[in-house]
Structure formats: structure tokens, C-alpha cells
Amino acid sequence: MFPANVYIERRKNLKKLIKSGVLIFVGNTELPMNYPQNIYHFRQDSSFLYFFGIDEPGMAAIIDLDNDKEIIFGDDVEIEDVIWTGPLPLLRDKAKNFGLTSTEVFSKFEAYVKDAVKQNKNIHFLPPYNPNSKIFLSKVLGISIDKVKDSASMELMLAVIKLRSVKTPEEVAEIEKGIDTAYEMFTKGIQMVKPGKYEYEVAGAMEGIALGKNGTLSFPTILSVRGEILHGHAHGNLMNDGDMLVMDAGFETPNHYATDHTRTVPVNGKFSKKQKEIYQIVLDSQMTAIEAIKPGVKYQDVHLLSCKVITEGLKKLGLMKGDTDAAIKQGAHAMFLPHGLGHMMGLDVHDMEDIGQIYVGYDDEVRPIDQFGTAYLRLGRRLQPGFILTVEPGIYFVPELYNLWKSENKFTEFIDYNKVSEYLGFGGIRIEDDVLVTETGHRVLGKSIPKTVEDIEALMAK
Ligand code: GLY
Ligand code: MN
């Protein structure tokens, strides 16, 4: 946790952005996995953590703008709990750590909100994603469950996004410290990769390193020799000589900030000529994109720039042809890069996606491009100092997409299907780093995880 004044300042900034009414925040609950007492790993809601800090289930908070009050609601443990949990600090002591002086038992929250509803106050809340929070808000606000999400406050959503999008120095430092662990996860993981091992041996060791640093994973690891499957969370494949392994993983720090990196390595430790050629295009695309990052630039344009490097590279190898700009405008490159260049990162690996990706990544000026592939770009708007984002281009050979587009004679002007057929079974390559937008440009965060062909081969030879 950060010093109390950090949380006081965050709430003060929030209060400046909302005119009137009552802001209500519901923390996350424990969720049963296979019976009530056996729960999924508890993760506090990120906006709750951001403004109120308390990292425990069963909490709620109110900022009453009209009466200038900040109240935190929760229950202290009773003796029946203490025998299972051990003694725990009182709510009022925990609240002090975050500059909160007014505490109430949890049951008072409902009465407070109901009273505000009765007084026709403007009630602001964020769209819930946790089913328990949805049910609870429905009950407290007296609206049906399927209307809760749509009744969320746009004013609050935009205010929270505005504040959380710009990372302060202590947040940047926290993420960079997290990348020390990510570095260890990746370098140790990469050194384990060899023919005859299973993917889960590497994925498990990487997760073990995260747990051993008092954190966890920031999302379920993607680690597969079937790298063309973008979010393949299964790790059951045997790794064979000649395979490429995509490793996409992140650490969640003890303070719940995320890291997110991807490296792609040859299972046998040496890139073949074909692998090296495709790898170098992805790396050039990533480095060109990183170089273009600075305040004022639209991330949508950086995405399109990375597509350009990929298209030019694939043209040189004979997989694509024709006019580069026309190919990208029509979306032919999405055969090879069917996803966006990156996303915001902070307390969530896809930061604030619960509040609404469209509001996090876009604005009135920059709208999403509604085209296969590019439509998945999660961040398009102009960059500001303090944004932390990922840069993660890739090239993939998805047999299903190849077969479909070929059968439709799609983009035959831009894609050489005969040449591409030589790459079916290649898998995919993605390279990802986390980048801070600075006042004058950008800074790639943290210790540099090997990513050139030479550095990866040298690491694997150790
Ligand atoms: N690291 C997974 C993703 O960005 O979707
Ligand atoms: Mn990512």
C-alpha cells in the first residue's frame, strides 16, 4: 500500500470532477469455487483499491458530496471468526492507513443508500462485473439486476478513467519493481524451454516465481507452441524440436499492479532461417511502434504504423504483395495480425476494462475502426504523459483463417496464398513490452527481458 496521503489525494481529485450526489463503491466478495468455504483467489476491485486501499472482501464505501462525508463500511471479526482467522485489525485501524476516519458496520450501507434514493439524490456507481455486486446493488438501489449495469454513472466512469489513466511516480515505481519479478519469470522460464518438456512445466515454474514474490499472476498465462491461438490458456502440449513457443505472462505485485510481457522463443534454442525472418519483422514492428510513442500521438496511428512494418516485411518475403497502404486500409494484413497493438495497463492488466473499453481507449475524436483485426485495438486515443501501455505486435498463421479467406478469394491482390501455405503449422510470434508515456516521449519500463535473436539464443545456450 501507498502512504495515506496518496489515497486522500485521489479522493480529493475525484471529488473535484463530480458535481453533486452520492458516490457508492462496492468492494469485491469472495466467490465459491466448489463449495461455499472453498473460494477462488480473492481479488479486490481495482477502483476500490485505488480510492480506498482496503484489500479485503465485504467492504463498501460512500463519498457523499452533498454532505461532505467519506464513510467506509465493513464488519470487524467476531470471536467465532477469530478462531479461524486469528486476530485481525479493526476496521477503524485499517481505514486510518488510507486516510479514512469514518467507519460503519456493513449493514448501514444499505440504509444510507436507500435514504439517498428516497431523497432523490444523484447516486453514482461504476458498472459492476462481479455477480454478487450486481445482485447487491440491485437490492440496495431497488432496480432489477439486468438494469444495474446500464444505470451506472457515466460521470463517475469518465472521472475514474481520467484519474486512473495517468500513473503517478509511485505507481510507475511499483510496476517497475514488478517487472524485476517478470524478468525473473521470463529469463528462468526461457532457460527451461527445450524439446521433450511440456508447456505446463514452464508455465508452472513461471507462476511459482510470481507466488514466491508474494504476488500472483496478473492474468492466466498464455504459453503455447500453438502461438497462433491468441488466448490459448491450456498448457498440455509437448514442446518439439522446430516449434516456436509464445510466452505471454504477467506478475501482479503485492499492491496489485500488473505487468504484461510476451516473448517468443525457438524450442530448440536456435531460430531457423524462416523463424528468424518472421521474428525480425515482428521485432522491427515493435521497436518502430515504441519509437513513435509520445504525448499527442494517436495510439491508433501507432497501431497502423506497426501494421505497415509487418506488411512491408511480409512483402519482402513474398507472403504479401501490392500497395502497402491499400492493403492495410482494406484490412488484408489482419490475416497475419488479427489483434490490436496494445492496451492500457495499471491495477488491471487491461486497465479499467470493467468500466468500459470504449471509454478507456477512445474518445469523441478517435473512434474505433470497425474492421476485422483492427477492431480489437483496445487503445486508440491520443497519448498523454503518465499513460502506461503495452506494445505487442505479432505475426500468426491461423490455418482456419487462411482456409476461409482462400476459399473466398479474399484479398488475392495483397496475399500470396501459395507462399503463405508454406508457413501453415508455423504457429505465431508476439513480442510485448510495457511502456510509459513521458513528457517528451516514452520509456520502456523495467529491466529489459532479452528480445533480440542473438540475446534469446545466448540466454537459451546458458
Ligand atoms: N497479455 C494478454 C493480453 O494482453 O490480452
Ligand atoms: Mn497484453
Side-chain angles (χ1 to χ4, degrees), residues 43 46 129 165 167 175-176 178-179 181-183 185-186 189-190 199 202-203 206-207 209-210 215-224 226-235 245-253 256-265 282-283 285-287 289-290 293 299-300 302-303 306-307 310 334 337-358 360-361 368 373-380 383 387-396 398 427-437 442 444-446 449 451:
R43 173 55 156 78
S46 296
Y129 52 89
S165 291
K167 274 68 182 176
I175 289 174
E176 284 211 282
I179 296 177
T181 299
Y183 177 89
M185 287 163 67
F186 274 90
I190 289 169
E199 293 164 349
V202 180
M206 289 171 76
E207 181 165 357
I209 292 168
T216 182
L217 296 175
S218 55
F219 60 97
T221 297
I222 298 159
L223 186 146
S224 182
R226 299 286 309 279
E228 80 281 10
I229 301 173
L230 298 181
H231 277 181
H233 296 300
H235 303 135
L245 180 73
V246 168
M247 310 164 78
D248 182 349
F251 179 57
E252 183 176 304
T253 71
H256 305 293
Y257 281 82
T259 76
D260 186 8
H261 291 84
T262 307
R263 291 294 181 265
T264 305
V265 304
V282 180
L283 187 57
S285 161
Q286 199 228 19
M287 307 277 264
I290 291 173
I293 291 175
Y299 204 53
Q300 194 171 63
V302 183
H303 168 90
S306 82
C307 296
I310 281 177
L337 173 56
H339 65 71
L341 182 64
H343 49 85
M344 291 271 217
M345 194 188 80
L347 277 162
D348 310 299
V349 67
H350 290 179
D351 212 20
M352 300 170 279
E353 201 158 283
D354 59 311
I355 302 177
Q357 195 58 63
I358 187 81
V360 178
T374 310
Y376 294 119
L377 179 61
R378 290 182 159 95
L379 172 64
L383 303 177
F387 282 13
I388 291 180
L389 43 93
T390 68
V391 186
E392 48 178 315
I395 292 179
Y396 312 88
V398 183
I429 291 173
R430 178 164 64 256
I431 305 170
E432 175 177 24
D433 286 303
D434 305 333
V435 177
L436 169 72
V437 182
H442 61 269
V444 180
L445 289 177
I449 301 168
K451 70 174 173 181

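Remember, it's 1-based here, ligands and their atoms both numbered in the order they're listed.
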Ignoring hydrogens, what is the shortest heavy-atom contact between H442 and V435? Give both atom names and the distance.
CB-CG1, 3.8 Å
Which of the numbered atoms in ligand 1 are under 4.0 angstrom from any heavy atom belonging to D260?
1 (N), 4 (O)
Vertex the Mn ion (ligand 2), arms to E432 OE2 and E392 OE2, rounded to 10°:
80°
Could you check I222 against H233 for side chain to side chain contact (heavy atoms under 4.5 Å, CB included), going step by step and ending with a plain yes or no?
CA-CA 5 Å; I222 298 159; H233 296 300; 3.5 Å; yes
Closest protein heavy atom to atom 3 (C) of ligand 1, given as residue, atom name and distance to 0.1 Å:
H350 NE2, 3.1 Å
Shortest protein heavy-atom distance from atom 2 (C) of ligand 1, along with the residue and atom involved
D248 OD2, 3.5 Å
Going by heavy atoms in the side chains, are H256 and S46 under 4.5 Å from each other?
no
Restricting to N/O/S atoms, is H350 within less than 2.8 Å of the Mn ion (ligand 2) or not?
no
Kindly give the atom name of the N, O or S atom of D260 closest to the Mn ion (ligand 2).
OD2
Short question: side chain of H303, backbone of L341 - any donor-acceptor pair under 3.5 Å?
yes
Taking all non-hydrogen atoms of both residues into account, name the closest pair between Y299 and T390 and its distance.
OH-O, 2.8 Å
Atoms in ligand 1 with a heavy atom of F219 nearer than 4.0 Å:
1 (N), 2 (C)
H231 near ligand 1, heavy-atom distance under 4.0 Å?
yes
Considering the options R378, E392, E353, which one meets the side-chain hydrogen bond (donor to acceptor under 3.5 Å, both in side chains) requirement together with H343?
E392
For the OH atom on Y376, are there more than 12 heavy atoms of other groups (residues, nucleotides or ligands in this structure) within a distance under 6.0 Å?
no
With heavy atoms of H343 as the reference, note each atom of ligand 1 found under 4.0 Å away.
4 (O)
